[in-house]
Chemist: 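Below is one structure. I have some questions about it.
In the text below, chain A, chain B and the rest are named by the order of the sequence lines, each starting its count at 1. This one's a predicted model, so the numbers in the text were calculated from it and none came from an experiment. All values below were derived from every heavy atom in this structure, side-chain atoms included, with hydrogens, water molecules and symmetry-related copies excluded.
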Amino acid sequence: MAETYPINIWINEERFEKLKAANLADMAVDRLGGMKVIQVQCTEKQKDKILKLFPMAKFDTATTKSIELLPREVKDKIFDITLKLKSIGPEVMDEFLKSLD
Amino acid sequence: MTDFIGHGEKEIKERILNPGEAKNKIKNLVSVEISGRIARECIDLGYGFFTPLEGFMKKADVDSVCKKMSLADGTIWPIPIVFDISSQEVSEKGIRVGDVILLTRMGNPLAVLEVEEIFTYDKDEMAQAVLGTIDAKHPGVRMIGRMQDTFIGGKVTLVNEPQFNPPFDRFFYTPRQLREEFKKRGWVRIVAHQTRNVPHTGHEWLMKGAWFCAHGEAPVIGDKDEIKLGTGVLVNCIIGPKRTGDYIDEAIVLAHQALHEGRYFRDDVHMVSITCWDMRYAGPKEAIFHAILRTNLGCTHHMFGRDHAGVGDYYGTYDAHRIFDQLPPGSLNIKPVRVLEWWYCPLCGEVTYSGLCGHTKERQKFSGTLIRSIIKDGVKPTRIIMRPEVFDVVMECAERYGFGSPFCTEEYLAKRGPVFVVPPLD
């Protein structure tokens with residue numbers, strides 16, 4: 001299977017309530033000191049496109065191997081698509097990228 | 001006098017003229033408008049942050065720093081401190097050796113420079129020697145590359161003291177003021193924590209661990225509720241140029257102060273301060289520079305963590321630790337406290353030291369990027385990751401100073417209030 005690269009969406013109470021309501025609370029995993037996160041996966045191609053579209057974002061090669069520092073509004077949108085598709089797979093990013101076209 | 005001995009066993013002297021003298025001194029001088037970096041370095045030179053330097057380096061010192069990591073007289077010094085100017089401006093203004101020129105910032109007089117030498121130096125050679133690379137992706141290389149083609153060496157004297165604006169004003173201390181402050185607090189051992197970050201608990205424990213190392217075998221003074229420790233942590237925030245995505249300066253300084261006010265450190269063991277300095281990201285050599293700087297501030301110890309003052313993968317993770325072993329004994333009057341990282345371990349249930357915790361598979365490393373990502377999402381971290389008082393202050397700073405963001409944006413960089421101003425010399 002091709003390698004994927006996560007986007008970390010940190011879960012606050014509001015996001016957690018939405019996950020619970022969609023029966024998706026299990027998607028949230030403990031990541032750092034009890035912080036909950038969902039990790040939406042990107043393919044290499046999606047990763048490159050995201051980094052090009054959002055130059056302030058960063059692929060953290062040193063520690064987390066994840067795409068970080070995306071604007072909050074972008075994360076909100078990705079989170080909404082996650083709820084809609086009930087998935088954290090690359091199809092979420094497909095739909096997100098399509099919405100930008 | 002012994003309270004004010006700095007690096008190289010030289011006394012920390014302030015080179016500042018009083019306003020009356022200053023007005024006479026600057027009459028009829030040729031003036032040169034200076035960059036932000038030069039202004040910050042004039043301030044540092046004037047107050048003695050760079051002791052034993054009294055001014056910008058002449059060629060013999062620059063050459064010796066590049067080739068031997070010492071001044072021409074043999075005193076350890078790793079980074080050239082230079083005044084750059086275009087040959088065109090030198091020629092147009094008729095600047096010659098023996099002149100005194102007035103340095104202005106935003107049109108107002110800041111300092112005078114005694115022109116002792118005008119010279120050129122190969123900038124690639126300087127970058128290679130100091131930074132170990134001439135790769136233009138390295139921010140220090142870019143900084144040197146942006147310098148003008150000519151250098152002036154000579155003594156600097158402030159003719160007008162900068163005024164620091166809130167919230168920075170209460171954190172700015174000159175080296176002499178800091179030493180007096182340490183004396184007042186009864187601190188005998190002071191460990192410096194260099195920072196350009198908002199503190200998460202990994203940073204907090206770096207400071208606490210460094211405090212233990214510095215305090216070491218020192219005796220407890222007093223008894224019961226009156227225990228005095230005589231050892232302190234000096235948080236020294238570096239204030240310099242910013243890039244988009246960095247934490248805003250206000251958040252850095254006030255978040256460190258929030259650790260103090262939240263009483264995660266006792267009042268008598270911790271204080272926050274600022275120093276103006278344009279980071280070169282020179283890794284190990286910058287670590288030595290930081291040690292010298294904090295010697296001049298009166299610190300006895302300096303904490304160095306992983307990848308100190310590094311950038312990208314130009315330096316090894318612990319090169320900044322190892323370089324201290326290459327110095328001749330007695331060449332620095334400060335002890336490096338060399339530490340590994342702290343991480344969160346879910347099995348230990350705490351933030352713990354990577355040099356002690358054996359749960360290497362389970363450990364959860366702090367990553368500056370990850371913490372920024374959490375803050376950017378507007379999600380309040382758990383208190384074991386970031387103290388709630390720190391997070392609250394960071395978000396307040398975003399609203400008050402950061403145009404809605406705790407990170408530097410183009411808008412912040414264009415519109416932010418200045419850290420200090422040079423007022424008109426009335």
Side-chain angles (χ1 to χ4, degrees), chain A residues 5-20 25 27-42 47 50-83 88 96, chain B residues 200-202 204-205 243-247 306-307 310-313 317 341-352 354 362-388 391 395 398 404-413:
Chain A
Y5 308 90
I7 293 174
N8 288 316
I9 299 183
W10 298 95
I11 304 300
N12 56 11
E13 276 180 30
E14 186 193 342
R15 284 175 175 166
F16 195 59
E17 287 307 314
K18 287 182 181 172
L19 282 175
K20 277 201 295 191
M27 275 185 183
V29 292
D30 276 358
R31 182 68 181 80
L32 178 63
M35 297 290 300
K36 287 193 183 303
V37 70
I38 59 169
Q39 298 191 299
V40 177
Q41 301 299 320
C42 292
K47 168 180 77 93
I50 286 286
L51 294 175
K52 201 173 165 189
L53 285 168
F54 301 99
M56 75 295 287
K58 183 181 164 188
F59 182 57
D60 184 4
T61 49
T63 45
T64 61
K65 316 284 180 209
S66 55
I67 301 165
E68 299 296 344
L69 307 182
L70 282 167
R72 188 176 174 179
E73 314 80 74
V74 170
K75 296 262 197 97
D76 283 340
K77 200 161 180 184
I78 297 171
F79 181 73
D80 290 343
I81 298 172
T82 295
L83 290 178
I88 51 173
F96 172 74
Chain B
H200 52 61
T201 49
E204 184 184 319
W205 277 100
R243 292 178 295 182
T244 55
D246 291 346
Y247 285 109
R306 70 193 294 276
D307 200 23
V311 62
D313 53 5
T317 311
E341 65 192 302
W342 291 71
W343 60 40
Y344 175 73
C345 173
L347 296 187
C348 297
E350 62 192 11
V351 176
T352 186
S354 63
E362 294 83 2
R363 92 284 183 269
Q364 298 174 350
K365 283 188 174 192
F366 285 94
S367 141
T369 308
L370 213 57
I371 299 288
R372 287 210 300 279
S373 167
I374 295 169
I375 292 175
K376 202 157 179 125
D377 275 18
V379 174
K380 193 167 195 162
T382 52
R383 65 181 304 121
I384 204 157
I385 296 303
M386 180 175 276
R387 304 305 188 184
F391 179 78
M395 299 320 274
S405 169
F407 306 104
C408 294
T409 58
E410 296 292 348
E411 187 178 16
Y412 173 83
L413 294 176

Chemist: Relative to chain A, which of B/Ile374, B/Ile375, B/Asp313, B/Thr201 shows the most heavy atom pairs under 4.5 Å?
Modeler: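 The answer is B/Ile374.
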Chemist: Using non-hydrogen atoms only, which part of B/Thr244 is less than 4.5 Å away from chain A: side chain, backbone, both, or neither?
Modeler: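 B/Thr244 has no heavy atom closer than 4.5 Å to chain A.
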Chemist: To the nearest 0.5 angstrom, please state how far the CD1 atom of B/Ile384 sits from the CG atom of A/Leu32.
Modeler: 10.0 Å
Chemist: Identify the heavy atoms of A/Asp30 and B/Gln364 that sit nearest to each other, and give their distance.
Modeler: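 Taking every non-hydrogen atom into account, O-NE2, 4.5 Å.
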Chemist: Within residues 72-83 of chain A, which positions have a heavy-atom distance to chain B below 4.5 Å?
Modeler: A/Arg72, A/Lys75
Chemist: Checking B/Ile371 against chain A: side chain, backbone, both or neither under 4.5 Å from a heavy atom?
Modeler: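 For B/Ile371, side-chain heavy atoms alone lie under 4.5 Å from chain A.
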Chemist: Does anything in residues 343-352 of chain B get under 4.5 Å of chain A by heavy atoms, and if so which residues?
Modeler: B/Tyr344
Chemist: For B/Phe407, enumerate each residue passing the ring-ring contact (aromatic ring centres under 6.0 Å, His included) test, keeping only those at least two apart in sequence or located in another chain.
Modeler: B/Tyr247
Chemist: Over all heavy atoms of both residues, which pair between B/Ile385 and A/Met35 is shortest? Give the atoms and the distance, please.
Modeler: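 The pair with the smallest heavy-atom distance is CG1-CG, 4.5 Å.
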Chemist: If we define contacts as heavy-atom pairs under 4.5 Å, which of B/Gly245, B/Gly368, B/Ser367 has the most with chain A?
Modeler: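 The candidate making the most pairs under 4.5 Å is B/Ser367.
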Chemist: Could you go through residues 5-12 of chain A and list every donor-acceptor pair under 3.5 Å that involves a side-chain atom there, pairing it with any protein atom two or more places apart or in another chain?
Modeler:
unit_1  : atom_1 : unit_2   : atom_2 : d
A/Tyr5  : OH     : A/Glu44  : OE1    : 3.1
A/Asn8  : OD1    : A/Gln39  : NE2    : 2.8
A/Asn8  : ND2    : A/Ser66  : OG     : 3.4
A/Asn8  : ND2    : A/Glu68  : OE2    : 2.5
A/Trp10 : NE1    : B/Ser373 : OG     : 3.0
A/Asn12 : OD1    : A/Glu14  : N      : 3.4
A/Asn12 : OD1    : A/Arg15  : N      : 2.9

